[in-house]
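First comes the structure, then the notes that go with it.
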Protein chains: 2
Amino acid sequence: KKEFAVIGLGRFGGSICRELSKEGMEVLAIDLDEDKVNEYKEIAAHAVIADSTDENVLKELGVRNIDHVIVAIGDNIQASILTALMLKELGIKTITVKAQNDYHEKVLNKIGADHVVHPERDMGKRIAHNIISNNILDYIELSDDHSVVEVKAGSKMGGKTLVDLDIRAHYGCNVVAIKRDRDVIVSPLATEEIEQSDVLIVIGADKDISRFEKNLV
Amino acid sequence: KKEFAVIGLGRFGGSICRELSKEGMEVLAIDLDEDKVNEYKEIAAHAVIADSTDENVLKELGVRNIDHVIVAIGDNIQASILTALMLKELGIKTITVKAQNDYHEKVLNKIGADHVVHPERDMGKRIAHNIISNNILDYIELSDDHSVVEVKAGSKMGGKTLVDLDIRAHYGCNVVAIKRDRDVIVSPLATEEIEQSDVLIVIGADKDISRFEKNLV
Ligand SMILES: Nc1ncnc2c1ncn2[C@@H]1O[C@H](COP(=O)(O)OP(=O)(O)OP(=O)(O)O)[C@@H](O)[C@H]1O
Ligand SMILES: Nc1ncnc2c1ncn2[C@@H]1O[C@H](COP(=O)(O)OP(=O)(O)OP(=O)(O)O)[C@@H](O)[C@H]1O
C-alpha cells in the first residue's frame, strides 16, 4: 500500500494532504508550525511537528519508506531546495516540489526533483483565460495551441441540435460533453438539443475555439 | 476595449497580469511593494505602487473605469476583504478575489465578490489525483463524479485501434483527443492506431475512468 508524506501544510500542501486522505491514502503530514500540525491530526494518518531541513529528523520519521513525498514549502526557497536534496539523497523514489519561480524550478530540476509544480502561476493562467472570454467558464491547456474549454451555451445555441449547429464542420471544434443541471452527457448524439443553460465542454485548436465562441456564444 | 486591474502581484496575481498582457489586454498592475511594481513596469500597460485599502488612491487611479478587477492579496485577509468591499462600493462591475480559506470566501461572498478563487487549494486537489493515479497526467473535475483525464497509453494499448479497444462499449469512457508528440488529434477516428507514447484525453464517470485505467493502462 502506497505511503505519502506532505511537507508544508500551507494552502497547497494542506489541500494535497486532505485530498489524499479523503481518497483513503496513508499520509504523514509534516510542518514546523504547531497549529497547522494540530489541524491535520484529525485529517492525516500521522501529523508531526518537524523541521524538514534536519536530515536526522527525516530519517527518524521513517521518511525513507515513503513512496512519494510532496514538498510544499513556499516562501523559504532555501528550505525547499535543501529538503528536496536530502529526500533524493535518502533515496526517496518520487518527490513533487512546489516552486516559487523559474530560478527555483531550475535548481530543483538540477537536484533531481521528479515533478515541479507552479500552482499559483498555472491557476493564474487559467483564470486569465476565463476572464478574457466571459463565456468560457474554465480553460485547460492541452498543448501550446489546443485547449479544453467549458462554454455557456446561451441563447444563440438554445433549442438547436448539435447537427444543426455542425460545430465540427464549421469550426473544427468538438463538443465532447454537455453539463446540464447536475448531469454530464458524455459524447452527446448529433440529435441532442442544446438548452440555453447548458455548459458545453469543447475541445479544439485555440483559434478555432475563439472563432466558435465569437460566432455562436 | 476592456480594461483590467490586478491588485497584488504575488505568484497568482503576477501570473494573471502576465497572461492578460500577453493576450493584448490593457492591465493596471497595483502593489504595495516597489520591487514588484518595477518588475511589472515592462509587462503591464501601467504599474503603480499603491495601498489598495486606501479608497482615495483607488479613485485617483481611475479604477472606477475598469471593467474587471482581480484582487490577489494573500496573507492579509483584512486588506483583501476591505479592498473587495471598496471596489464594489465604487461600482466596479466584476471583481475576482483570491480567498485564503473558507471563512475568507464566506465573507467575500457576503460583501458581493463576483468570483472567489482558491488557486492553491484547487491545484492541490488536482495534483493529489495525479499522484494517486500514476498514469493520469492531469485530472479536471467536470462535476462531482465526472472528469476529464490525461492518460499515458502504454504498452497494453499500443498498436491497437480505438475500435479494437472499444473503450466506450467496455468502459463507458470517451477518448476525445490524442496527444502525440507535439500534435493534438481531436475526435480521433475509430481506425486510429494508438502509439505507446500517446497521451489520451478521456472523459467519463470517475468510476468508469478508474476501471478503464486499471484494465487498459
Ligand atoms: N523547514 C520546514 N519544515 C517544515 N515545514 C516548513 C518548513 N519551512 C516552511 N514550512 C511550512 O511550509 C508551509 C508553507 O509555507 P508558506 O506558507 O511559506 O508557503 P506558501 O507558498 O505561502 O503556501 P501556500 O501557497 O501553499 O499556502 C508553512 O506552513 C510552513 O510552516
Ligand atoms: N493593501 C495592499 N495593497 C496593494 N498590494 C498589497 C496589499 N496587501 C498586500 N499586497 C500585495 O499582494 C501581493 C500578494 O500577497 P501575498 O504575497 O501575501 O500573497 P500570496 O497569497 O502568498 O501570493 P501568491 O500565492 O499569489 O504568491 C504581495 O506582493 C503584496 O505586496
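Please read all numbers here as calculations on a predicted model, not as lab measurements. In what follows, chains carry the letters A, B, and so on, assigned in the order in which the sequence lines appear, proteins first and then strands, with residues in each chain numbered from 1.
Ion pairing between a basic and an acidic side chain is recognised when a charged N comes within 4.0 Å of a carboxylate O; A/Arg211 and A/Asp208 show such pairing. A salt bridge links B/Arg180 to B/Glu195: one of the charged nitrogens lies within less than 4.0 Å of a carboxylate oxygen. Ionic pairing of A/Asp67 and A/Lys2 is not present here: no N-O contact between side-chain nitrogen and carboxylate oxygen is shorter than 4.0 angstrom. Residues A/Glu150 and A/Lys179 are paired through a salt bridge, judged by an N-O separation under 4.0 Å between the basic side chain and the carboxylate.
Of the two parts of A/Leu20, the backbone and the side chain both hold a non-hydrogen atom closer than 4.5 Å to a non-hydrogen atom of chain B. When heavy atoms are compared at a cutoff of 4.5 Å, B/Ile203 approaches chain A by way of both its backbone and its side chain.
Between the side chain of B/Asp31 and the backbone N or O of B/Asp33, at least one donor-acceptor pair lies under 3.5 Å. With hydrogens and angles ignored, the 3.5 Å screen pairs no side-chain donor or acceptor of A/Ser15 with any backbone N or O of A/Arg11. Checked by atom type and distance alone, the side chain of A/Asn130 never pairs as donor or acceptor with a backbone atom of A/Ile127 at under 3.5 Å. Side chain of A/Asp198 to main chain of A/Leu200: no donor-acceptor pair is present (N/O by atom type, distance under 3.5 Å, no hydrogens or angles).
Of all the listed residues (A/His118, A/Lys98, A/Gln100), the one sharing the greatest number of non-hydrogen pairs under 4.5 Å with chain B is A/Gln100. The candidate with the highest count of non-hydrogen atom pairs below 4.5 Å against chain B, out of A/Gly124, A/Ala72, A/Ala128, is A/Gly124. Of the residues considered (A/His115, A/Arg126, A/Arg18), A/Arg126 shows the highest number of contacts with chain B, using heavy-atom pairs under 4.5 Å.
Residues from residues 21-29 of chain B that place a non-hydrogen atom less than 4.5 Å from a non-hydrogen atom of chain A comprise B/Glu23, B/Met25, given in numerical order. Residues of residues 165-178 of chain A lying under 4.5 angstrom from chain B, judged on non-hydrogen atoms, are A/Arg168, A/Asn174, A/Val176, A/Ala177 by number.
Within a 6.0 Å radius of NZ in A/Lys41, other residues, nucleotides and ligands contribute more than 12 heavy atoms.
Listed here is the closest heavy atom pair of A/Ile209 and A/Gly204: CD1-O, 3.5 Å. Closest approach of B/Leu61 to B/Ile30, counting heavy atoms only: CD1-CD1, 3.6 Å.
Looking only at atom types and distance, the side chain of A/Asp114 has no donor-acceptor partner in the side chain of A/Thr94 under 3.5 Å away.
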